[in-house]
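Side chains are part of it too, since the values below use all heavy atoms of this structure and drop only hydrogens, waters and symmetry mates. Quantities reported herein were computed from a predicted structural model and do not represent experimental measurements. Below, read A as the first sequence line, B as the second, and so on, with proteins coming before strands; counting in each chain starts at 1.
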There are 4 protein chains.
Amino acid sequence: MTARETLGLGLIGSGFMGKAHVFGFATAQRVFDLPFAIAFACIAEQTADLAEAARASLGFARATDNWRDLLDDPAIDIVDITAPNALHKEMALAALAAGKHVYCEKPLAPTAAEADDMATAAERSGRCTQVGFNYLANPMMVLARDLIRDGAIGEPRSYRGIHAEDYMRDAAAPWTWRHDPAGGGALADLGSHALATAEFLLGPIAAVFGETTTVIAGRPGPDGQSKAVEVDDIGRALLRFASGASGSLEANWIASGRKMQHDVEVYGSRGAILFSQERLNELKLYDASDPSDRSGFRTIVAGPEHAPYGRFCVAPGHQLGFNDLKAIEIQGFLRAIAGDAPEPFNFRAGARVQHLVETIHRSAAEGRWRSTAA
Amino acid sequence: MTARETLGLGLIGSGFMGKAHVFGFATAQRVFDLPFAIAFACIAEQTADLAEAARASLGFARATDNWRDLLDDPAIDIVDITAPNALHKEMALAALAAGKHVYCEKPLAPTAAEADDMATAAERSGRCTQVGFNYLANPMMVLARDLIRDGAIGEPRSYRGIHAEDYMRDAAAPWTWRHDPAGGGALADLGSHALATAEFLLGPIAAVFGETTTVIAGRPGPDGQSKAVEVDDIGRALLRFASGASGSLEANWIASGRKMQHDVEVYGSRGAILFSQERLNELKLYDASDPSDRSGFRTIVAGPEHAPYGRFCVAPGHQLGFNDLKAIEIQGFLRAIAGDAPEPFNFRAGARVQHLVETIHRSAAEGRWRSTAA
Amino acid sequence: MTARETLGLGLIGSGFMGKAHVFGFATAQRVFDLPFAIAFACIAEQTADLAEAARASLGFARATDNWRDLLDDPAIDIVDITAPNALHKEMALAALAAGKHVYCEKPLAPTAAEADDMATAAERSGRCTQVGFNYLANPMMVLARDLIRDGAIGEPRSYRGIHAEDYMRDAAAPWTWRHDPAGGGALADLGSHALATAEFLLGPIAAVFGETTTVIAGRPGPDGQSKAVEVDDIGRALLRFASGASGSLEANWIASGRKMQHDVEVYGSRGAILFSQERLNELKLYDASDPSDRSGFRTIVAGPEHAPYGRFCVAPGHQLGFNDLKAIEIQGFLRAIAGDAPEPFNFRAGARVQHLVETIHRSAAEGRWRSTAA
Amino acid sequence: MTARETLGLGLIGSGFMGKAHVFGFATAQRVFDLPFAIAFACIAEQTADLAEAARASLGFARATDNWRDLLDDPAIDIVDITAPNALHKEMALAALAAGKHVYCEKPLAPTAAEADDMATAAERSGRCTQVGFNYLANPMMVLARDLIRDGAIGEPRSYRGIHAEDYMRDAAAPWTWRHDPAGGGALADLGSHALATAEFLLGPIAAVFGETTTVIAGRPGPDGQSKAVEVDDIGRALLRFASGASGSLEANWIASGRKMQHDVEVYGSRGAILFSQERLNELKLYDASDPSDRSGFRTIVAGPEHAPYGRFCVAPGHQLGFNDLKAIEIQGFLRAIAGDAPEPFNFRAGARVQHLVETIHRSAAEGRWRSTAA
């Protein structure tokens, strides 16, 4: 461990996700026996002042107001992109071309075609990539997948997936870049999580029927005038999985009172699994083979049996938090860079989610089922 | 009260629902100040033995193996139909023609056209009718409707409705009349409840997109051979309400582990309401105008403030049961007969639900949105 | 069944509990194959007007303003006492002397000595008696007891019992007979339920340490002046069971927000059971022998496997209500009268609970542990 | 911030709590604008090998097998003690004498007298001290305290506190130092948390009545022979607060199925608060002044309104984990060192908890109420 190679991290962006990444790297470094040490080499922000402030508070060695500075810096091995979506592609392609591993926040790009380009570039580069679908890093989500795979609920038949929050509930809140079509709307922002989870648990979605709704038609613009909102506040889809299972999905960012309803219900021939990110340390399991007078959903509580929970805490029930999930995601990425494991969720996987989002939008526009085949 | 008129009850069928109706009438009689006394006049079953056994155990004065005997009996004012669906129309039309009030279990008839005929006959007869949608009799469901109507959650925007159970989970369980297309499938059997609740809370559904799935293609028939199942095990729909709200709906009778998931989530511009029939004495309410550091879904527990709970019990939190809901439904019907109140859920309302079920089926077959206008 | 003997019921009192008994008898009659038919023969109230009103609304044949009229009436087989506690003994002894079976609401009497007298009189009379501890009639409570008895949680080690409501929360609410020492206080009123449940599940309590608190020292009296409250608002006890298990108990009628917290937690050497009357159709079971990565409390939902639930409803998860529990209790009493089963909770059992209440009060007054041996 | 002074950390012990402290310091450093930078200067373990392994994996500059090395090291400002309880006093007194700030895991010492000595030494030293009661760092616990202090539930009347886990459930698990009287038992280990929480929320406890139980009398010793267990598996107490409120408390380390039942229920004259560490990001609040038909416990979900949650995550409902609470605790300690705030939970507070534990033990031994006055 003492002889570990050090990887230099170059981070672009210091907002919500930029911070979460830094917390994740810092935690991963202490919690796991990582294959590499991490050096917080450089942080890029839009202005020199912003960059310097972020450098100081987040603990980087250098700061820059030009993200391209990261490309030529030999001290940087990983470029971590948490800038606005519209910039992801340019940044990622440049970083891959410069020989860097790339960690990029979701969604990869405004369109599936652009995301595909990124995935192709990643594959050609021989570098490792990672897209930030951190809910999949939760040990309880992994347990759900393993239970399904191992037949604990029999053949999966029916699926419900939801990702609902309420941060866009208030019609008086201002228009932001998230209301721009390039930003994506509820389906792209939240539905992408729900879609990633659906395929993580049940395998490929073969066909979708979509519907999207803009509930708040206009929001206060920078000039005080109402500015039209063209993106969906709610996106819904009916799903047909390649396995034959069917399901439904909802993305909703105006679901009053919901703060993190990333919920899953999977009903199989011999059991069922329920999960809610609102209580991310719990998983409910129903086993139809239990004696009928004492069967019921059991609430499994996260503990050391659910690796890598035990790295964080040796005692069960003490609970992981959101930032801990980020640390697990990062550990997976670093193990992939070391060649110890496949990439947990690379650009190709990220492009797949973008493709699903886009197919749902097309289906909604056309009012008919669409295949999700490329 | 001592001078109350007595209404004679003639019941057809003594199975699950026949018993539930008798329990409901018996309880209603004790719990409420009904406008009428009820005489348990006659019960009809398919054979004389069955009829006599039911008479004795359920406390009727007479028994018959011919339901038509009820029509000419001047001691009978209400004909109560809990026979198989396929017989509802013939029985109801005959009873209305004989001048009886008619109480009929859901669904009214295998097709919407037949249900419409029944509704038209009811309206022409001047008699009162009632269809058994007892979940709507729950004081907490009425509270939900009143809160929505009174603006407690602002403008309703988004809706989720589910009715899921698991009594058809086991593929080895035998083929029954419920697997016959005339019986209807999950959408007709359970989805009808979810549809009635949706319109009860949010008003008319204007358009639907449907999808139905038969998961278990064949079941053991009477001869031991596999018999094809032609009805849906799961029915799903996307909904557009006339109000502009949108939503989704699922009916599922193979949802392993679920016994009574008649669930509703309504998200409005200023709050939200959650309800699950799994805990029928509770309603959750979110009010976005609560101080932000202490807002959250509150769990309202049924009590005397929620009429007619107080007729059953003066103390809150003691809980009503399923059969109590039936008693409330019956009280409403009797009050309508007395002219004290409108019919809670008459044949026209029942036909409406059948129409919605049928429209979802057609939409599913055609793979496109359909208007629910008649 | 047709040839069933009819038992005549004479009811004293038409308040909350009087009504609940009538509802219970009416429901039991329809739901169960009772060994007897029940005739609602006569109701006694304090005045002729009250009696007549109750007769009409509750469906009795006769009314009287003198409860002693019930004693000589040969049409009456069961005297059912729901009058104030202070009158229970006189009424019960007279009814037993008149050869009646006696059903008496809890608590049996203001003192354990009086309750003992009643129990002794009952045993000498050869008649059947019943005290109204209806929570024990809940199929989920019976399931809990059976699971414990059959070793599902190993050796019981630790117990928590609570009965908390909030109907006395408001200090501005008037002084009532319940605030009179003869009425009893929270420990006698609610703690008696918790004590009955504790011995039902874990067997005899051997010793107690008690503590009682009067939080609201005075309440508005009839003359508008503050009237001193001498009874406890909260009663607590530490428990030692004869089996070696230990535990605690709380009775509280000022527990703001609680409407029916009759809660039990039993921890054994190999598992645990949790129950809350707030959700009376559920029982939680933990089995320590489940695989450690998928163990957890499972929520068992009441269904036909839990007799006699199936008499009320053939479908699981539809839920029993409070009045249904009363019907089950009554069925047990009638079966005992028929000689088909032991008395579910007779006067001796009721006297035992009174004795436990009194021992806790004594312990509290003396500030030391006391044995509960007679 | 760039000019921040750096404090050197010397850690004694690298087990469960040692790791949790390191994670906490690392996270605090990134998440908060701390008044100091932290240098991970030196780690002490029992052997050189252990020390070196811990140094490498946890990221310290130096390692030592002699904790006294930390005392003379001018690079060390804070000595952090996570060694076995029996060593706390010696280490802490030496560190204070050497002019270090001291962070010590709970319990401070095997006896209250020793803990008092430590508190006195701390006060004389002019250095800052901290004892690891991290549940109190939870923003939802702070919200609970603030709501109570601000009158949101009126006058607190009744209290229930529990800390139950099940890590000692299995009688076949080996005897450890925790079963040694100096280790303390369930009351000292878990009850200390429950006691700290009780006084945090309701102020001083004035008197207690205790009871302790050893359920598993012997456990396999190192020689394979059964070794007697002299400590309590369950400790219970009745409480009288100086404010006049009363309550109860339970510590239990054999509560099968419970992993983190640090539960609190506070009932006041106008409302109530419920909290469970099993869902540490939630707090339930009942307000009796809500309209009676829509009152109920509301579930408040942790978010940026509940400082310092927002330092970890700008989005509500994403959830903090156990290690995050440690980071908050550490931030408070560092702010105290900087003179920006009072010590969150210093040695005097830790000694107080020891005193309460000891008084409960004495009360249990004597079988009578005892005052907690020193």
Side-chain angles (χ1 to χ4, degrees), chain B residues 1-4 15-17 19-20 22-34 37 40 52-53 55-59 134 165-167 257-262 277-282 298-299 301-303 309 311-327, chain C residues 1-4 15-17 19-20 22-34 37 40 52-53 55-59 134 165-167 257-262 277-282 298-299 301-303 309 311-327:
Chain B
M1 211 164 312
T2 47
R4 279 186 305 177
F16 174 17
M17 271 301 146
K19 286 197 184 70
V22 171
F23 300 165
F25 274 103
T27 299
Q29 228 175 347
R30 301 284 169 177
V31 168
F32 294 106
D33 289 330
L34 295 180
F40 292 83
E52 173 51 26
R55 188 205 65 71
S57 75
L58 295 173
N134 56 308
E165 306 191 21
D166 70 356
Y167 53 92
R258 292 296 190 179
K259 308 304 175 189
M260 180 40 80
Q261 192 187 21
H262 182 87
Q277 183 76 13
E278 290 184 347
R279 286 162 174 175
L280 67 89
N281 290 277
E282 299 178 6
R298 74 185 66 177
T299 301
V301 173
Y309 176 99
R311 305 293 311 203
F312 292 83
C313 182
V314 297
H318 283 53
Q319 299 164 55
L320 302 183
F322 177 79
N323 289 335
D324 295 332
L325 303 188
K326 216 69 192 164
Chain C
M1 211 166 313
T2 47
R4 281 187 302 178
F16 173 18
M17 270 302 146
K19 285 198 184 69
V22 171
F23 301 164
F25 274 103
T27 297
Q29 229 175 346
R30 301 284 171 177
V31 167
F32 293 105
D33 290 328
L34 295 180
F40 292 83
E52 172 52 26
R55 187 203 65 72
S57 76
L58 294 174
N134 55 307
E165 305 191 22
D166 71 356
Y167 53 91
R258 293 295 190 180
K259 307 305 175 188
M260 180 41 79
Q261 191 187 19
H262 181 87
Q277 183 77 11
E278 291 184 347
R279 286 165 175 172
L280 68 88
N281 290 276
E282 298 177 7
R298 73 185 67 177
T299 303
V301 172
Y309 176 100
R311 306 294 309 203
F312 292 84
C313 184
V314 296
H318 283 52
Q319 297 164 57
L320 303 183
F322 176 79
N323 288 337
D324 296 330
L325 302 188
K326 216 67 191 167

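- In terms of heavy-atom pairs under 4.5 angstrom with chain B, the leader among C/G257, C/G303, C/G317 is C/G317.
- Side-chain N or O atoms of B/Q319 include one that pairs as donor or acceptor with a backbone N or O of C/Q277 at under 3.5 Å.
- Heavy atoms of B/R311 lying under 4.5 Å from chain C belong exclusively to its backbone.
- Ranked by heavy-atom pairs shorter than 4.5 Å toward chain B, the options C/T27, C/L325, C/V31 are led by C/V31.
- Of the listed residues (C/Q261, C/M260, C/K19, C/R258), the one with the most heavy-atom contacts under 4.5 Å to chain B is C/M260.
- Taking both residues in full, the closest heavy atoms of B/S57 and C/D33 are given as CB-OD1, 4.1 Å, listed atom of the first, atom of the second, then distance.
- With a 4.5 Å cut-off on non-hydrogen atoms, B/F40 touches chain C through its side chain but not through its backbone.
- Contact record, B/F322 with C/H318: CB-O, 3.1 Å, taken as the closest heavy-atom pair.
- Between the CG atom in C/N323 and the CZ atom in B/R30 there is a gap of 13.0 Å [rounded to 0.5 Å].
- In terms of heavy-atom proximity, B/F312 sits nearest to C/F23 at O-CE1, 3.8 Å.
- Of the residues considered (B/L58, B/N281, B/D166, B/L280), B/L280 shows the highest number of contacts with chain C, using heavy-atom pairs under 4.5 Å.
- A heavy-atom distance below 4.5 Å is found between the side chains of C/R279 and B/E282.
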